[in-house]
Amino acid sequence: MQNPTTINPDEIRRYPPGDLAIWVFILAELLVFAIFFSAYAFTRMNNVELFNEFQLTLDRQAALINTIALITSSYFVVRAVLSVQEGDNQWCVKWLLAAIGMGMIFVVVKFSEFSHHFGNGINLSTNTFYMFYLSLTFFHFMHVILGMGILAAVAYKAHKGGYTPEDHIGVETGASYWHMVDLVWLILFPLIYVMR
Amino acid sequence: MDTFTHKGKRAATIVYVILITFTFITFLIGESGASSLNISLFVLALALIKGELVGAYFMGLGGIRGLWRLPIIIWLFIPGSLITIAFYLSAST
């Protein structure tokens, strides 16, 4: 099989970018989140008033900032992949560090949200809405932390000149994972914070 | 290679602008306090379109031939459908 990273970007490829193993992991993670989202929606069916009432206690502006941060970081990661395809490892590192910076914004804002809720005595057993809200967002939060670690490792290797236009599967693997983290949040944000 | 990456940058930037625009529309709908089945489904539709754009252009699945094009589309379709059914049933009871 031809290495996907050596293929002209305009050619039609048969395999997704990055290591195939990360895609098995990504699909497994997406399945878990799909079950979570569906469970939230069907549990809400029998608790509409409760869900609508406590949804109003969430900080939608914080969620907006976090959504923009994740989308922007995903865009920066795309630019990092394109930079390494051009053979520009320096810019690849810069884009990756910018993406990690956006991830840090997400972590700080989300951490302040969690602190606010826990400071008000809210926990998983407060009610069904908060059980879903806290478990879903914390599970996603852990994925953001892991993703930042992966991007940092990729940036370090890029800094050391470890990637070339012909061989940068590591960058694409890290990028694919980070886009998955972004993708999940794009559904989570409207479902938990807006839809009522 | 430069031509290819130039096209990639342009496509990614356009998608980024669309994603941010859809996000602000979603936020403003939330802030307006509007609540109905149609509004919820519109917000969900925006989210699913955003998800497909991320899958196709950011994750790079849009240019793939064969089954690997499908996982993200299927992932968006299944929970998207279940959420739609759940919200529809909630509104009709």
In this structure, CG of A:Leu82 is separated from CZ of B:Arg10 (nearest 0.5 Å) by 14.0 Å

According to a hydrophobic-cluster definition based on side-chain heavy atoms being under 4.5 Å apart (Ile, Leu, Val, Met, Phe, Trp, Tyr only), do A:Val108 and A:Met142 belong together?
no

Can you say whether A:Arg79 sits under 4.5 Å from chain B via the side chain, the backbone, both, or neither, judging by heavy atoms?
side chain

Determine whether B:Thr13 and A:Tyr75 make a side-chain contact, defined as any pair of heavy atoms from C-beta on separated by less than 4.5 Å.
yes

Heavy-atom pairs under 4.5 Å with chain A, option from B:Thr23, B:Val15, B:Leu41, B:Leu53 with the top count:
B:Thr23

For the candidates B:Leu37, B:Leu89, B:Ile20, which exhibits the highest count of non-hydrogen atom pairs separated by less than 4.5 Å from chain A?
B:Ile20

Might you point out which heavy atoms bring B:Ser90 and A:Met45 nearest each other, and give the distance in Å?
OG-CG, 3.2 Å

Need one label for A:Ala175: side chain, backbone, both or neither, based on atoms under 4.5 Å from any heavy atom in chain B.
neither

At a heavy-atom separation under 4.5 Å, does A:Phe189 approach chain B through its side chain, its backbone, both, or neither?
side chain

For A:Gln61, which atoms come within 4.5 Å of any heavy atom of chain B: side chain, backbone, both, or neither?
both

Cluster check B:Phe24, B:Val17: I/L/V/M/F/W/Y, side chain < 4.5 angstrom:
no

Walk me through whether B:Lys9 and A:Glu86 qualify under side-chain contact (heavy atoms from CB on, under 4.5 Å).
CA-CA 12 Å; B:Lys9 285 174 196 171; A:Glu86 290 177 327; 3.2 Å; yes

For A:Ile71, which atoms come within 4.5 Å of any heavy atom of chain B: side chain, backbone, both, or neither?
both

Cluster link A:Val171 to A:Tyr156, ILVMFWY, side chain under 4.5 Å:
no

B:Ile83 portion near chain A, given a 4.5 angstrom heavy-atom threshold:
both

Measuring only between side-chain heavy atoms, which start at C-beta, is A:Pro17 closer than 4.5 Å to B:Ile64?
yes

Relative to each other, are the rings of A:His179 and B:Phe58 parallel, tilted or perpendicular (30° and 60° limits)?
tilted

May I ask you to name which of A:Val77, A:Val81, A:Ile35, A:Leu30 has the most heavy-atom pairs under 4.5 Å with chain B?
A:Leu30

I'd like to check A:Met195 versus B:Phe87 (side-chain heavy atoms, cut-off strictly below 4.5 Å). Are they in contact?
yes

Side chains of B:Met59 and A:Pro16, heavy atoms from C-beta outward: is any pair under 4.5 Å?
no

For B:Ser35 against A:Arg196, the heavy-atom pair lying closest together
CB-CG, 3.5 Å

Taking side chain as everything from C-beta outward and backbone as N, CA, C, O, which of these in A:Leu70 sits under 4.5 Å from a heavy atom of chain B? Side chain, backbone, both or neither.
neither

Is it true that the NZ or CZ of A:Arg60 lies under 6.0 Å from the centre of B:Phe27's six-membered ring and within 45 degrees of the ring axis?
no

Are B:Trp68 and A:Leu20 close enough, and set up right, to give a side-chain contact (heavy atoms from CB on, under 4.5 Å), and what steps lead you there?
CA-CA 11 Å; B:Trp68 276 107; A:Leu20 216 52; 3.8 Å; yes

Write down the atom of A:Pro190, the atom of B:Val43, and the distance for their closest heavy-atom approach.
CB-CG1, 3.4 Å

Please say yes or no: joined through hydrophobic side-chain contacts below 4.5 Å, possibly via intermediate residues, are A:Val48 and A:Val194 part of one cluster?
no

Taking side chain as C-beta onward, heavy atoms only, is A:Val78 less than 4.5 Å from B:Tyr57?
no

For chain B, find which of A:Ser83, A:Ser176, A:Ser38 contributes the most heavy-atom pairs closer than 4.5 angstrom.
A:Ser38

Just wondering, more than 12 heavy atoms not from B:Leu67 lying within 6.0 Å of its CG?
no

Testing the 3.5 Å rule here: is there a donor-acceptor pair between the side chains of B:Thr26 and A:Tyr193?
no

Is the shortest heavy-atom distance from the side chain of B:Leu76 to the side chain of A:Ile187 under 4.5 Å?
yes

When you compare the side chain of B:Trp75 with that of A:Ile26, does any pair of heavy atoms fall below 4.5 Å?
no

Identify the two heavy atoms, one from A:Leu186 and one from B:Ala47, that lie closest to each other, and give their separation to 0.1 Å.
O-CB, 3.6 Å

Just by distance, no angles: are the side chains of B:Tyr16 and A:Thr72 close enough, under 3.5 Å, to form a donor-acceptor pair?
yes

For B:Glu31, look at atom CD and say whether over 12 heavy atoms of other residues, nucleotides or ligands are found less than 6.0 Å away.
yes

ILVMFWY network linking A:Ile145 to A:Phe111, side-chain heavy atoms under 4.5 angstrom:
no

With chain A, the option among B:Ile39, B:Leu44, B:Ile29 that has the most non-hydrogen atom pairs under 4.5 Å is B:Leu44

Taking atom CG of A:Leu183 and atom CD1 of B:Ile72, what is their separation to the nearest 0.5 Å?
5.5 Å

Which atoms of A:Leu31 approach chain B - backbone, side chain, both or neither, heavy atom under 4.5 Å
backbone

Measuring only between side-chain heavy atoms, which start at C-beta, is B:Leu82 closer than 4.5 Å to A:Phe42?
yes

